[in-house]
Amino acid sequence: MPSIGMLRQAVGQMVRSLACGCWTSVLPVRFLGVSPRQIPADANFHSASFSETDHPRVLITGGLGQLGVGLATLLRKRFGKDNVILSDIRKPPDHVFQSGPFIYSDILDYKNLREIVVNNRITWLLHYSALLSAVGEANVSLARAVNITGLHNILDVAAEHKLRLFVPSTIGAFGPTSPRNPTPDLCVQRPRTIYGVSKVHAELMGEYYYYRYGLDFRCLRYPGIISADSQPGGGTTDYAVQIFHDATKHGRFECNLEPGTRLPMMYIDDCLRATLEVMEAPAEALSMRTYNVNAMSFTPEELAQEVLKHVPEFQITYSVDAVRQAIANSWPMNFDDSNARKDWGWKHGFDLPELVTTMLNFHGSETRVAQAN
Ligand SMILES: NC(=O)C1=CN([C@@H]2O[C@H](COP(=O)(O)OP(=O)(O)OC[C@H]3O[C@@H](n4cnc5c(N)ncnc54)[C@H](O)[C@@H]3O)[C@@H](O)[C@H]2O)C=CC1
Ligand SMILES: CC(=O)[C@H](N)C(=O)O
């Protein structure tokens with residue numbers, strides 16, 4: 001037990017060093033380890049103590065969205081099927097349920113989260129649950145609950161159980177007063193969506209828990225992610241996924257953003273690889289806890305031109321959605337990810353031509369299979 005004198009001394013040091021912005025270097029580590037949430041006296045979570053195996057034991061929250069199933073597939077290849085648990089509040093389709101462990105988890109239920117972490121000896125938590133930009137504006141109170149209150153539960157459970165925690169942020173964490181071309185890691189962040197506000201909050205809270213409690217928090221700001229075999233969950237960049245489906249099925253596409261709207265984008269394989277790479281990066285390589293990552297940047301017009309090279313009859317028309325357009329106009333046009341490239345060797349694999357070929361091949365073969373059936 002630390003004595004009152006020791007505590008006073010530590011608090012005094014903390015106040016002095018907060019004022020000079022350098023408190024981590026002077027606070028004794030044992031004070032940084034204090035749990036952020038009151039633990040009941042009869043709590044027994046340490047009884048699940050275990051010797052660390054070579055592989056992490058991974059929990060993915062919000063795993064049935066656009067990105068989670070692909071992430072589980074990648075991590076299961078690396079760490080073994082049974083070491084990666086997908087979770088969500090939705091019912092998994094058969095092929096997902098049969099592909100590896102799945103568990104119900106509502107991130108708003110803290111006790112349930114703790115149980116899952118303890119019973120499954122989780123060591124890595126990848127937190128994907130969220131309401132994205134467009135659906136968030138349509139339901140602000142739910143977005144606030146899931147993206148902010150839910151995040152608090154995640155941070156606390158991760159700090160208590162000393163987990164390595166990954167929380168994705170987004171280009172949406174920037175706003176109209178941020179530099180847009182390019183947007184660096186560190187600059188003004190005044191987003192005007194509940195999604196963006198909640199993601200800035202997540203970045204800051206994660207970094208605060210890192211400095212205050214020693215939580216191993218890691219965060220990447222993803223651009224718009226483009227995937228072939230999973231649907232986007234209600235964002236501003238969704239058009240860049242839907243266009244491939246409509247081009248191969250109908251030969252035309254109605255876009256809800258203006259032709260010249262430039263946004264940073266990335267193919268899903270790059271996004272998931274970046275996530276695994278930053279999770280595996282040695283702590284000493286990370287000069288920051290939140291990094292921009294990028295691959296390419298294009299407008300609907302440029303994307304349509306690239307699709308036309310493969311689908312000569314393709315036509316694009318525009319019916320602009322005012323909410324999405326206003327959001328897109330406030331987001332980065334180009335993303336500066338030089339720190340990620342320098343610190344932990346980030347390198348994207350897909351530029352626009354490879355992205356378009358890959359997406360059309362996937363949808364083209366799907367259409368051919370459907371026609372054959
Ligand atoms: N897809 C993209 O283009 C980008 C995604 N991100 C971030 O990556 C993460 C994953 O994104 P997506 O898979 O696209 O999202 P998504 O919207 O497709 O999926 C989110 C999942 O969260 C689940 N969820 C909602 N409320 C929940 C609750 N109370 N408890 C547990 N789960 C709940 C939903 O059921 C859904 O399956 C999100 O945090 C998102 O902000 C960041 C930038 C770009
Ligand atoms: C870029 C994102 O965070 C997401 N795809 C959205 O458009 O909301």
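Every number for a ligand or one of its atoms is a count from 1 in the order of the listing. Predicted, not measured: the structure shown is a model, and the values here were computed from it. Side chains are part of it too, since the values below use all heavy atoms of this structure and drop only hydrogens, waters and symmetry mates.
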query = Applying a 4.0 Å heavy-atom criterion (strictly less than), which segment of S105 is in contact with ligand 1: side chain, backbone, both, or neither?
reply = backbone
query = How far is atom 8 (O) of ligand 1 from its nearest protein heavy atom, and which residue and atom name does that atom have?
reply = P168 CG, 3.4 Å
key: atom 4 (C) of ligand 1 [closest protein heavy-atom partner, distance rounded to 0.1 Å]   = I225 CG1, 4.0 Å
task = Take the angle between the ring planes of H245 and H250 and call it parallel below 30°, perpendicular above 60°, tilted in between.
result = perpendicular
query = To which protein heavy atom is atom 39 (O) of ligand 1 closest, and what is the distance rounded to 0.1 Å?
reply = K199 NZ, 2.9 Å
ask   = Would you say D238 has any N or O atom under 3.5 Å from an N or O of ligand 2, going by distance alone?
value = no
message = Quick check: T237 and ligand 2, any N/O pair under 3.5 Å apart?
response = yes
ask   = How close does the nearest protein non-hydrogen atom get to atom 7 (O) of ligand 2, and which residue and atom is it?
value = T236 N, 2.6 Å
message = Heavy-atom contact check, 4.0 Å cutoff: does W331 meet ligand 2?
response = yes
task = Mind checking whether Y222 contacts ligand 2 via backbone (N, CA, C, O), side chain (CB onward), both or neither, at a 4.0 Å heavy-atom cut-off?
result = neither
ask   = Among protein heavy atoms, which sits nearest to atom 27 (C) of ligand 1, and what does the distance come to when rounded to 0.1 Å?
value = I89 CD1, 3.6 Å
Close approach of G150 to ligand 1, heavy atoms, under 4.0 angstrom = no
request  = Give a yes/no on ligand 1: does S87 have at least one heavy atom closer than 4.0 angstrom to it?
outcome  = no
ask   = Of the choices A173, G65, G62, which has the non-hydrogen atom that lies closest to atom 16 (P) of ligand 1?
value = G65
ask   = With Y213, which of Y211, F217, Y209 fulfils ring pair (Phe, Tyr, Trp, His ring centres under 6.0 Å)?
value = Y209
ask   = Around atom CZ of R76, are there more than 12 heavy atoms of other residues, nucleotides or ligands at under 6.0 Å?
value = yes
ask   = Among all protein non-hydrogen atoms, which one is nearest to atom 11 (O) of ligand 1, and what is the separation to 0.1 Å?
value = L67 CD1, 3.9 Å
query = Where is the tightest heavy-atom contact between E258 and V320, given as atom of each residue plus distance?
reply = CG-CG2, 3.6 Å
query = Which residue and non-hydrogen atom of the protein lie closest to atom 17 (O) of ligand 1, and at what distance in Å?
reply = L132 CD1, 3.4 Å
query = Quick check: does T170 get an N/O under 3.5 Å from an N/O on ligand 2?
reply = yes
query = Taking the minimum heavy-atom distance to atom 6 (N) of ligand 1, which of Y128, Y104, Y195 ranks first?
reply = Y195
query = Is the shortest distance from a heavy atom of D88 to ligand 1 less than 4.0 Å?
reply = yes
Location of contacts on Q66 toward ligand 1, heavy atoms closer than 4.0 Å = both
query = For the residue pair Y291 and W346, is the inter-centroid distance of their aromatic rings smaller than 6.0 Å?
reply = no
inquiry  = Ring-plane angle category for Y267 and F350, please: parallel below 30°, perpendicular beyond 60°, tilted otherwise.
reply    = tilted
request  = Determine whether any heavy atom of P223 lies closer than 4.0 Å to an atom of ligand 1.
outcome  = yes
